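Have a look at the structure below before the remarks.
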Amino acid sequence: MKELISSITKDYLYRLIKDGKRLDGRGLLEHRKLDIETGWIGTAEGSARVHLGDTDVIVGVKMSTGEPFPDTPDRGVMITSAELIPMASPTYEAGPPREDATELARVVDRGIREGKVIDMTKLCIKEGEEVWLAFLDMHILDFDGNLFDACGIAAMAALLDSTVPAETFGFGEDYPLPIDHVVIPTTFYKIKEQIMLDARLEEEMISDARLTVGTNEKGEIVSMQKGLSGVFDYQDTLFCIEKSKEIGDSIRALMKK
Amino acid sequence: MKELISSITKDYLYRLIKDGKRLDGRGLLEHRKLDIETGWIGTAEGSARVHLGDTDVIVGVKMSTGEPFPDTPDRGVMITSAELIPMASPTYEAGPPREDATELARVVDRGIREGKVIDMTKLCIKEGEEVWLAFLDMHILDFDGNLFDACGIAAMAALLDSTVPAETFGFGEDYPLPIDHVVIPTTFYKIKEQIMLDARLEEEMISDARLTVGTNEKGEIVSMQKGLSGVFDYQDTLFCIEKSKEIGDSIRALMKK
Amino acid sequence: MKELISSITKDYLYRLIKDGKRLDGRGLLEHRKLDIETGWIGTAEGSARVHLGDTDVIVGVKMSTGEPFPDTPDRGVMITSAELIPMASPTYEAGPPREDATELARVVDRGIREGKVIDMTKLCIKEGEEVWLAFLDMHILDFDGNLFDACGIAAMAALLDSTVPAETFGFGEDYPLPIDHVVIPTTFYKIKEQIMLDARLEEEMISDARLTVGTNEKGEIVSMQKGLSGVFDYQDTLFCIEKSKEIGDSIRALMKK
Amino acid sequence: MADEDVKLIDEKGIRLDGRRFDELRPISIEAGVLKRADGSAYLEWGENKVLAAVYGPREMHPRHAQNPSRAVVQARYNMAAFSVPDRKRPGPDRRSVEISKIMSEALEEIVFVEQFPRASIDVFVEVLEASAGTRCAALTAASVALADAGIPMSDIISSCAAGKIDGQIVLDLGKKEDNYGEADVPLGMVPSSGKITLLQMDGNLTLEEYKQVMELAMGACKKIYQLQRDALKRRYSTSLKNFEEMADDTEEV
Amino acid sequence: MADEDVKLIDEKGIRLDGRRFDELRPISIEAGVLKRADGSAYLEWGENKVLAAVYGPREMHPRHAQNPSRAVVQARYNMAAFSVPDRKRPGPDRRSVEISKIMSEALEEIVFVEQFPRASIDVFVEVLEASAGTRCAALTAASVALADAGIPMSDIISSCAAGKIDGQIVLDLGKKEDNYGEADVPLGMVPSSGKITLLQMDGNLTLEEYKQVMELAMGACKKIYQLQRDALKRRYSTSLKNFEEMADDTEEV
Amino acid sequence: MADEDVKLIDEKGIRLDGRRFDELRPISIEAGVLKRADGSAYLEWGENKVLAAVYGPREMHPRHAQNPSRAVVQARYNMAAFSVPDRKRPGPDRRSVEISKIMSEALEEIVFVEQFPRASIDVFVEVLEASAGTRCAALTAASVALADAGIPMSDIISSCAAGKIDGQIVLDLGKKEDNYGEADVPLGMVPSSGKITLLQMDGNLTLEEYKQVMELAMGACKKIYQLQRDALKRRYSTSLKNFEEMADDTEEV
């Protein structure tokens with residue numbers, strides 16, 4: 001099932017956006033109220049619940065040990081998955097992960113992996129034989145648009161909250177999950193030639209194109225993903241990258257508190 | 001697909017039951033003719049075919065060896081599954097196990113597991129490394145109601161019939177599967193405030209609520225499962241438990257012959 | 001979805017066949033232009049693309065190492081699969097292998113396995129522990145009938161093209177996959193009492209019965225498979241076997257070039 | 001469940017977590033916690049954390065599953081991968097399929113399903129953290145979420161387990177008590193009428209012990225019923241206050 | 001199939017289980033063994049135990065699979081988990097998918113499918129114990145079940161295999177003969193007309209050997225045909241007797 | 001991607017396969033290579049071998065997935081089991097699901113989907129041999145196949161990646177460069193308008209580096225665009241020639 005939107009709402013939204021305005025009075029490049037709560041789940045090695053406006057997601061990190069991949073024998077392994085559980089929206093149905101969930105999980109995963117967020121070499125127990133596996137599971141509880149940012153931020157926060165349960169597995173003392181970089185994704189939506197940040201559901205539904213840019217604390221770009229069937233031009237992408245750095249810095253500052 | 005029943009049959013059944021009568025002339029707390037045939041399948045370690053009236057089921061036990069669960073390193077493992085194969089009813093379809101089959105398998109499984117029917121410590125080969133796995137597979141061949149009792153009784157009979165194939169696996173002489181308790185489930189159905197035992201298909205279809213009670217040879221309760229969207233009250237449950245003990249004893253007596 | 005054919009085409013085909021003629025002017029026992037191209041895929045241990053008229057298939061062989069089956073500890077293992085990918089026909093849909101694909105894969109597999117094409121004893125690395133696994137994957141790219149022959153020939157050609165990648169796996173020098181026999185399947189179709197070889201799609205669609213006969217270079221029969229809901233009589237089968245030997249020889253000759 | 005040499009009750013009758021035999025773990029319930037769902041509830045029960053959402057009555061898909069004379073209540077119990085010490089593989093397993101089924105049946109009893117032919121009423125429960133007793137927590141939360149969604153119901157269901165540990169009958173088994181105890185009886189009931197809508201039992205009980213177990217569990221259901229009502233009252237008063245404030249705002253204009 | 005140094009025939013021409021080259025294993029067939037199915041049959045063939053049930057003609061689901069001009073025969077061959085020495089995982093594997101397909105095709109030949117447009121005729125075969133030759137046993141039992149269901153048919157199919165072991169042509173291979181023999185040819189045919197509805201072959205045969213194999217198998221099919229007819233006759237006479245008794249009872253009243 | 005001590009560029013600025021930083025691997029494209037598909041293309045790009053087929057516009061199944069106001073473009077990217085050094089299990093994995101999704105979205109931009117309400121336009125891409133850059137190869141081939149199918153389109157998409165290896169910005173990363181390089185940016189665009197329809201990035205780039213990467217990739221897209229047009233021209237002229245020959249034949253009669 002697809003989310004549906006009436007043509008009246010659609011027209012109203014178009015008119016607002018044309019004037020650079022938004023449903024909730026935000027500026028085009030302003031994100032919604034962001035709330036990050038960590039350490040929420042006792043059974044997880046790390047967890048974070050993120051409210052981005054009314055979008056509500058929870059990410060839990062579980063760790064266990066297992067074999068490394070043959071081509072990276074001295075590195076831990078991260079496995080990311082996302083469930084668009086039917087609780088979150090009248091249009092989600094139970095069942096195998098939809099392609100939306102797959103893209104979401106992969107984009108969050110790449111942001112962390114390619115951004116070298118975790119120092120994977122410190123998750124090696126015995127080279128070629130046993131390493132730490134970190135499972136990152138994302139649950140969408142309430143869906144009001146822009147899961148890419150909500151989940152990406154929650155994933156980052158959950159990793160920062162995580163402890164390697166070495167004691168439980170008989171490998172010495174627990175230690176914090178070794179984090180090298182703090183990557184923050186920001187997602188831009190293009191609607192009728194206007195570019196805006198952090199779309200709510202209704203805005204997302206009328207978006208022509210979507211661009212997610214992940215940056216680290218040095219302002220380097222570590223991941224990008226363009227989505228939807230509309231287009232950006234080259235200048236748009238430069239604009240989004242510049243803004244992403246700024247906004248990423250402000251969110252990183254928020255996370256340090 | 002659901003089993004369908006005409007409103008005429010329905011009304012007729014309601015009238016009968018109101019008078020404490022049943023389609024086939026049985027008393028409310030009488031079960032149908034029970035026929036247990038064991039040792040039926042040469043390829044199985046143990047097997048039993050049970051006819052409960054026209055309900056016809058077969059349970060086979062297969063054993064092999066494997067790793068124990070980490071939290072019970074010195075115990076064997078039992079795995080139960082049920083297939084509502086389309087042979088048994090025009091409404092069963094081939095495919096992944098339906099929730100009915102899942103509930104059935106789990107209720108039979110719990111009766112045996114929680115009733116400590118098998119002495120699992122005698123199924124340990126080498127602690128933490130290798131134990132016996134007992135696979136209990138239930139096939140429904142002809143469906144005329146009350147699978148819980150037919151399968152539960154067949155499972156118990158098949159286990160009593162089973163031999164641990166130690167020789168085949170190179171672990172000494174074969175020996176009978178060590179059985180500590182004989183658990184018999186009895187299932188009660190509530191229709192318009194009347195409680196009856198062992199419903200036939202048509203009765204099951206108009207039942208408001210279902211209660212399965214498993215007891216052992218000492219008269220102890222080892223498992224209960226309430227089903228369907230109707231209700232019992234507390235006194236009903238006491239009544240069913242008392243009756244379950246009686247009927248369980250008579251079926252246990254029958255099995256010893 | 002099923003392939004559909006108009007009743008006009010059907011009648012036209014029937015009339016042609018009655019006179020021993022075919023759509024493309026071939027004789028009843030003549031196969032279409034056969035084109036075999038091997039060594040096509042660099043990432044495969046062996047590969048062959050076969051055009052049989054407009055039917056276009058590709059078979060790739062991949063090898064790795066693994067455990068042998070317990071009952072054949074000194075032999076390699078072959079695993080065959082076929083994908084009727086939706087590229088090949090408007091009626092194929094993505095998804096789990098259909099029963100057509102299953103039959104195809106199994107018939108090709110049996111021709112090779114029962115024809116003792118590969119000397120499996122030469123694929124043993126360490127008895128009972130490690131042997132070579134040969135994966136034979138068939139992709140149908142363009143479907144104009146008679147996949148049995150196209151895939152069977154392509155599989156044989158791909159095996160003849162294959163090298164055991166011993167070096168990559170650290171087991172000495174690469175060597176050609178040891179081939180003992182060259183098995184060629186030929187498929188006959190019965191339409192209104194006429195028997196013809198190598199049906200095109202339209203002919204296949206109006207066929208009453210199908211018979212695949214695999215023979216080796218000694219003229220021995222190694223596999224047969226009758227399909228479709230029509231019938232053959234005993235004399236038909238003798239006729240097909242005789243012809244299969246002849247045609248098999250001519251195709252074997254073609255492959256040696 | 002297996003009776004090992006773990007000591008679950010000390011000589012003073014105190015349980016591992018400090019409770020007496022008839023004490024519940026702390027329970028807190030909040031209704032109306034999600035925006036998109038028609039109704040929702042969040043429940044913490046000891047270390048259990050459970051979220052319930054209700055959608056419906058809405059058109060049933062697929063159509064052939066519609067019931068022409070009434071609504072179908074479809075509950076889905078799901079455990080988050082991170083809700084248990086050893087990560088759970090996402091997706092339904094046999095345990096959650098069974099719990100979903102008996103929850104659906106229990107809830108159907110209290111909903112006026114005849115009012116919504118062909119409709120489905122969907123109840124989604126996510127267990128975010130699990131620590132024994134999740135099915136009772138789920139059923140309790142689902143009842144509140146149904147009420148929050150304004151679904152016409154005869155009453156609400158309260159649910160609690162009791163059982164036997166170290167030979168004694170106790171209320172509301174904790175994690176270790178569940179693992180090493182001798183019997184567990186999850187009960188779901190309508191406290192006002194005494195109707196039993198969910199009942200399971202695993203382990204070993206005499207009839208006499210069963211009676212004690214049920215007395216404890218039925219008593220606890222009444223307490224939980226009060227907590228459920230309080231949560232709904234708070235929710236209504238918040239809604240009311242919001243409404244009044246809106247009204248006030250309007251007057252000011 | 002692999003020719004090992006297992007000796008399958010002794011110097012007197014006697015096979016492992018005591019049979020001569022042209023002997024069938026014992027076969028017994030009973031029709032009408034299930035209540036809910038429209039037709040059924042139970043067959044024991046050596047140590048093979050096979051149950052067949054028929055439902056239909058009935059409406060085909062899903063609708064898009066209907067054939068507007070005729071019925072579709074859908075056979076499903078399934079092995080019970082406990083039917084083989086090493087437990088089989090439940091559910092269809094590639095082997096059973098293939099057997100189901102060729103059985104469906106074979107049976108479609110004898111059913112007057114044109115009489116039931118859009119319908120499906122479902123044949124379910126459960127292999128409860130397997131010991132070489134289950135597909136022939138399944139097809140033989142399915143034919144009887146179809147007749148028992150009163151499905152209009154031109155005739156029935158009989159099925160038997162023959163093959164080569166220790167270089168000799170023999171009828172109806174047993175388990176070890178199948179494992180260590182050189183060729184196996186399962187045949188399904190309408191004995192009265194000689195029509196071949198099922199034919200497979202695996203192994204290695206010369207044309208001459210193939211002729212001997214077929215002669216044996218075709219001969220055996222005729223014997224099996226008689227057993228099938230006998231089973232149906234017994235079934236009809238029982239039905240008839242039941243009917244007559246009912247009639248008698250009625251007269252007595 | 002992991003920066004190891006593999007040397008990817010020598011001191012003369014030459015890459016492992018002999019290319020300079022701004023050189024493409026050899027590319028060849030052929031349109032109209034399959035008979036049954038409505039349109040098709042075969043593309044070799046370095047050692048990548050990719051086949052694309054288009055079916056449609058045709059009725060969308062299942063119906064509930066139809067869009068009443070326009071056609072839906074459904075691309076399916078699939079890798080053959082033998083297309084990679086370690087055999088890939090058949091069937092879609094998460095990577096191919098994602099690539100299929102972004103390809104579908106990219107292609108929808110250029111097709112006049114409003115002309116075909118309720119229809120589906122299906123694009124099937126099979127990667128027969130893979131060696132870095134398959135998604136760009138797939139998108140490039142798919143565009144040609146769509147044109148070959150005569151689907152009304154505003155223009156075609158050309159696709160190419162650029163990235164960073166050994167600290168240098170290079171075009172069209174090869175297999176080792178992809179494995180050991182520092183960043184990869186696959187780009188899909190309509191060269192005539194500069195519209196970006198596909199854009200991904202993995203690794204680590206400064207804004208300045210991003211600009212260099214994009215310049216290289218956008219330039220390459222223009223070259224590839226020319227190759228696509230040439231392939232289509234050859235295809236049309238062959239069709240035309242065939243048509244003329246047919247016409248000639250007709251006249252001769």
Side-chain angles (χ1 to χ4, degrees), chain B residues 1-2 69-72 75 79-82 96-107 109-111 113-116 120-121 181 183 190 208-216 218-238 240-242 244-245, chain D residues 1-4 64-65 67 70 72-74 85-86 92-111 113 157 164 179 182-190 193-211 213-215 217-218:
Chain B
M1 239 196 299
K2 291 257 168 199
F69 285 111
D71 52 341
T72 53
R75 281 153 197 243
I79 301 105
T80 311
S81 61
R98 303 190 310 164
E99 53 175 30
D100 287 357
T102 302
E103 187 185 13
L104 173 61
R106 282 180 58 83
V107 168
D109 182 276
R110 281 205 301 266
R113 190 180 301 275
E114 302 293 335
K116 298 187 192 337
M120 285 295 187
T121 59
H181 297 287
V183 166
K190 195 168 179 185
D208 299 312
R210 190 190 68 227
L211 183 65
T212 301
V213 180
T215 59
N216 66 18
K218 300 188 203 163
E220 295 163 336
I221 319 160
V222 304
S223 66
M224 294 175 69
Q225 177 89 346
K226 184 254 161 190
L228 306 186
S229 63
V231 297
F232 288 97
D233 61 28
Y234 173 53
Q235 291 303 328
D236 291 339
T237 66
L238 297 181
C240 293
I241 291 169
E242 298 267 22
S244 179
K245 289 188 198 181
Chain D
M1 242 161 284
D3 35 345
E4 305 275 322
H64 65 76
N67 185 320
R70 58 179 190 78
V72 175
V73 177
Q74 302 187 99
D86 292 330
D93 54 14
R94 304 209 312 176
R95 178 176 170 276
S96 61
V97 167
E98 185 197 350
I99 296 180
S100 297
K101 182 175 191 289
I102 58 174
M103 274 186 58
S104 301
E105 291 172 343
L107 294 170
E108 216 162 73
E109 166 63 20
I110 52 164
V111 172
V113 286
I157 294 175
K164 184 167 66 165
N179 288 347
E182 292 118 55
D184 188 28
V185 182
L187 170 73
M189 69 184 298
V190 180
S193 64
K195 287 177 181 171
I196 294 171
T197 57
L198 182 144
L199 178 63
Q200 295 185 295
M201 186 265 170
D202 288 334
N204 190 298
L205 291 178
T206 63
L207 179 56
E208 215 39 59
E209 289 171 332
Y210 171 77
K211 288 178 184 170
V213 159
M214 287 296 279
E215 227 160 281
M218 291 189 294

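Side chains are part of it too, since the values below use all heavy atoms of this structure and drop only hydrogens, waters and symmetry mates. Labels below follow one simple rule: chain letters A, B, ... track the order of the sequence lines, proteins then strands, and each chain is numbered from 1. Predicted, not measured: the structure shown is a model, and the values here were computed from it.
Of the residues considered (D:Lys101, D:His64, D:Met201), D:Met201 shows the highest number of contacts with chain B, using heavy-atom pairs under 4.5 Å. When each of B:Thr237, B:Leu211, B:Asp233, B:Asn216 is scored by its heavy-atom pairs under 4.5 Å with chain D, the top score falls to B:Thr237. Taking D:Leu198, D:Val97, D:Leu107, D:Leu205 one by one and counting their heavy-atom pairs under 4.5 Å with chain B, the maximum is reached by D:Leu205. For the set D:Val185, D:Thr197, D:Val190, D:Thr206, the count of heavy-atom pairs under 4.5 angstrom toward chain B peaks at D:Thr197.
Both the backbone and the side chain of D:Leu199 come within less than 4.5 Å of a heavy atom of chain B. With a threshold of 4.5 angstrom between heavy atoms, B:Lys245 approaches chain D through side-chain atoms but not through N, CA, C or O. No part of D:Met189 comes within reach of chain B, as not one of its non-hydrogen atoms sits under 4.5 angstrom from that chain.
Nearest approach of B:Arg106 to D:Arg94, heavy atoms of both residues: CD-O, 3.4 Å.
By the neighbour-count criterion of 12 heavy atoms within 6.0 Å, atom CG of D:Asp86 is sparsely surrounded, having that number or fewer from other residues, nucleotides or ligands.
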Verify side-chain contact (heavy atoms from CB on, under 4.5 Å) between D:Asn204 and B:Ile221, making sure each step is shown before the conclusion.
-> CA-CA 6 Å; D:Asn204 190 298; B:Ile221 319 160; over 6 Å; no

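In this structure, the side chain of D:Glu105 engages the main chain of B:Leu228 through a donor-acceptor pair within 3.5 Å. In this structure, the side chain of D:Lys195 does not engage the main chain of B:Phe232 through any donor-acceptor pair within 3.5 Å.
Note: B:Ser244 OG to D:Leu207 CG = 11.0 Å, rounded to the nearest 0.5 Å.
Exactly one of B:Met224, B:Arg110, B:Lys226 qualifies for a side-chain contact (heavy atoms from CB on, under 4.5 Å) with D:Gln200. That residue is B:Arg110.
Put simply, the side chain of B:Tyr234 reaches to within 4.5 Å of the side chain of D:Lys211, judged on heavy atoms. Looking at heavy atoms from C-beta onward, B:Gln225 lies in side-chain contact with D:Ile102 at the 4.5 angstrom threshold.
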